[in-house]
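Working notes, structure below.
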2 protein chains.
Amino acid sequence: MCAKGYGQFCPVSIAAEVLSERWTLLVLRELLAGSTRFNDLHRGVPLMSASLLSQRLRDLELAGLLDRQPLPSGKGKSYRLTEAGEALRPVVDGIGLWGTRYMRTQYAPENLDPSLLMWDMRRWIRGDRMPSGHIVIRFDIPDAPLQKQHYWMVKEDGSDTLDLCLFDPGFPVCLIVTGRLEILTRVWMGNIEAEHAVRSGQLTLDGVPEIRMSFYDWIGLNPFVHLAATQGIDSARRIA
Amino acid sequence: MCAKGYGQFCPVSIAAEVLSERWTLLVLRELLAGSTRFNDLHRGVPLMSASLLSQRLRDLELAGLLDRQPLPSGKGKSYRLTEAGEALRPVVDGIGLWGTRYMRTQYAPENLDPSLLMWDMRRWIRGDRMPSGHIVIRFDIPDAPLQKQHYWMVKEDGSDTLDLCLFDPGFPVCLIVTGRLEILTRVWMGNIEAEHAVRSGQLTLDGVPEIRMSFYDWIGLNPFVHLAATQGIDSARRIA
DNA sequence: CAGTATCCGATGCGATACTG
DNA sequence: CAGTATCGCATCGGATACTG
């Protein structure tokens, strides 16, 4: 009968026809976070198949939330939110805030993924607060699957953005951060304070004191934690 | 592999596992609008099968958004949002607002439904602004399917809430409002001003002048229109 | 009335393979 | 690399029938 939509004139219903499709909200989150390339978007939703991501991007374009431009470099396309898509930022933020406050399944084992964590951290870590020079930080996650126990964050001199490597880039490592996946995730989500995690030995920092001390300054937090703080919600109080 | 969820620790993802299920947002809208009984909820999402509504209500309960209490009257249950569910109001409002502003398919024929329109109007029409006494308003929708051309809104003396009848309740009718389905829907959605619709003959009022004049006072508008007005968005400007 | 169980068909989606 | 087409299965959800 009703192929797809909800058959209602209510704007919530019309909006839900786009927004409630499986994965769409997460793709939107990635776009709002600033990813513009297919593979970057895909790294943010690694469990989604490429074909489905492609499909959803087309859906979003059709719904007028997304603009797809061929790249000047010839290969590939650039995906950018339109005004309508950008206007969903408060909605997606609101959903994230609500999730932070009320949902408890965040740290279930099946929701933890070292690569995803690192990819998320890479985007928000404050490269501009790191010491100058060529900085390499290694993250060690001993309880992760073998292929996913080591990650390298690389900051070139002069640039503030980071590169995430899954293999040893070869440069000398300035700092090794070691912690179990859940701990690292909780620290990142503002659920455990970084200082506390280090003091209690849940997180280990290995490197020269200068860089070790700077850690707390640049490690940063997932953006929803900042949002929550704005609204007076304290993530740390919610330790399960 | 991933049975159901998204396998991500991000709060947006956790929230989306509940919120992005098909129909869930609309059920939530109904709950937020104040419906507490199964059949009332169902009238708000008539195209949803009862079994699926039942299922979704259970899902919402399980996720902690909904509280299901047996009614003192013995039969049936009462559904009420928990604090967590209530906390989604700004999100659902935000989605509705966004839909009002950016989505254009609202008035596609397949989204228009006279019964749903009447049910929505019933909830928000200002009974307290109607003249006192036993008031019966009949709505005539000449282009609706035969069984759905006539609706009666009944206000008992002393009560401010309205009853919606699909059959002639037998009392004398004070006012007949006639208009095509799309016109009635657009007026209700603030897309056409009621006065304008009447002046231009798109809407017809038939009754004694006193009640005819009061129409503009109690007819009201869908709540998202009020919200939009608060935010400086003018629905009337968006006539397609 | 107020739901719930079951059945079966449509479709959504992941895996795989393919292309410029 | 940056996607897109195809295929086949899993599951979602509507219809129907049933129960307190």
Side-chain angles (χ1 to χ4, degrees), chain A residues 1-8 13 16-27 30-31 35-62 66-80 110 113 163 166, chain B residues 1-8 13 16-27 30-31 35-62 66-80 110 113 163 166:
Chain A
M1 184 197 272
C2 59
K4 192 88 173 311
Y6 295 114
Q8 301 196 178
S13 144
E17 290 183 12
V18 184
L19 303 181
S20 286
E21 284 289 296
R22 185 165 161 79
W23 291 110
T24 295
L25 221 50
L26 303 201
V27 174
E30 291 306 305
L31 288 161
S35 290
T36 61
R37 306 291 301 272
F38 189 87
N39 273 2
D40 284 355
L41 289 165
H42 200 194
R43 293 188 78 168
V45 282
L47 294 184
M48 190 180 188
S49 70
S51 50
L52 190 52
L53 174 56
S54 175
Q55 169 78 41
R56 285 291 179 273
L57 290 170
R58 221 168 320 119
D59 294 345
L60 286 172
E61 193 186 10
L62 209 74
L66 188 62
D67 203 18
R68 169 198 318 226
Q69 298 280 353
L71 280 173
S73 52
K75 292 251 152 194
K77 286 163 196 130
S78 161
Y79 299 88
R80 289 179 189 287
E110 68 268 25
D113 175 346
D163 278 329
L166 293 82
Chain B
M1 184 195 276
C2 63
K4 192 88 174 309
Y6 294 114
Q8 301 196 179
S13 145
E17 290 183 14
V18 184
L19 303 182
S20 286
E21 284 289 295
R22 185 165 161 80
W23 290 108
T24 296
L25 221 50
L26 303 201
V27 173
E30 292 305 304
L31 288 161
S35 290
T36 61
R37 306 291 303 273
F38 189 88
N39 273 4
D40 283 355
L41 289 165
H42 201 193
R43 293 188 78 168
V45 282
L47 293 184
M48 191 180 188
S49 71
S51 50
L52 190 53
L53 175 55
S54 176
Q55 170 78 42
R56 285 292 178 271
L57 289 171
R58 221 171 319 120
D59 294 344
L60 286 173
E61 194 187 8
L62 210 73
L66 188 61
D67 202 18
R68 170 200 317 227
Q69 298 281 352
L71 282 173
S73 52
K75 292 251 154 197
K77 285 164 196 127
S78 161
Y79 299 87
R80 287 178 191 288
E110 67 269 25
D113 174 347
D163 278 330
L166 293 86

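Sequence lines set the chain letters: A, B, ... in the order given, protein chains first and strands last, and positions in each chain run from 1.
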| said: Strictly distance-based, threshold 3.5 Å: is any side-chain N or O of His42(B) a donor or acceptor partner for the main-chain N or O of Leu47(B)? | reply: no

| Between Asp59(B) (CG) and dT11(D) (P), how many Å, whole number? | 15 Å

| When the distance from NE2 of His42(A) to P of dG14(C) is rounded to whole Å, what number comes out? | 9 Å

| task | Identify the heavy atoms of Phe38(A) and Ala50(A) that sit nearest to each other, and give their distance. | result | CZ-O, 3.6 Å

| Of all the choices, dG14(D), dG3(D), dA5(C), which nucleotide is nearest to the side chain of Tyr79(A) once you look at every atom? | dG3(D)

| field | Greater than 12 external heavy atoms within 6.0 Å of Arg80(A)'s CZ | value | no

| query | How close or far is atom P of dT11(C) from atom CG of Leu52(A), stated in whole angstroms? | reply | 17 Å

| Hey, does the side chain of Asn39(A) come within less than 4.0 Å of dA2(D)'s phosphate (OP1/OP2), counting only N and O? | yes

| said: Nearest whole Å is fine: how far is dC1(D) P from Asp40(A) CG? | reply: 12 Å

| query | Does Arg56(B) reach the side chain of Glu21(B), with side-chain heavy atoms less than 4.5 Å apart? | reply | yes

| query | Does dA2(C) have OP1 or OP2 sitting under 4.0 Å from an N or O in the side chain of Arg37(B)? | reply | yes

| Where the side chain of Ser51(B) is concerned, which of dG3(C), dG14(D), dA5(D) is the nearest nucleotide? | dG14(D)

| query | Should Tyr6(A) be listed as having a side-chain N or O under 4.0 Å from OP1 or OP2 of dG13(D)? | reply | no

| Quick one: Trp23(B) CH2 to dC12(D) C1', roughly how many Å, whole number? | 13 Å

| note | Quick note, Ser54(A) side chain, CB onward, closest among dA2(C), dT4(D), dG3(D) is dT4(D)

| query | Hey, what bend do you get for the helix from dC1(C)-dG20(D) to dG20(C)-dC1(D) if you fit axes on five pairs at each end, rounded to 10°? | reply | 40°

| message | Rounded to whole Å, please give me the gap between CD in Glu21(B) and C1' in dT11(D). | response | 11 Å

| request: Check step by step if side-chain contact (heavy atoms from CB on, under 4.5 Å) holds for Leu60(B) and Tyr79(B). | output: CA-CA 10 Å; Leu60(B) 286 173; Tyr79(B) 299 87; over 6 Å; no

| If only side-chain N and O atoms of Arg56(A) are considered, is one of them under 4.0 Å from the OP1 or OP2 phosphate oxygen of dC13(C)? | yes

| What's the spacing between Leu25(A) CG and Ser20(B) OG if we round to 0.5 Å? | 4.5 Å

| request: Could you grab the distance from atom CG of Leu19(B) to atom CG of Leu19(A), nearest 0.5 Å is fine? | output: 11.0 Å

| Atom-to-atom span, CG of Leu60(A) to P of dG3(D) - whole angstrom | 14 Å

| task | Nearest whole angstrom, please: distance from the C1' of dG13(D) to the CZ of Arg22(A). | result | 16 Å

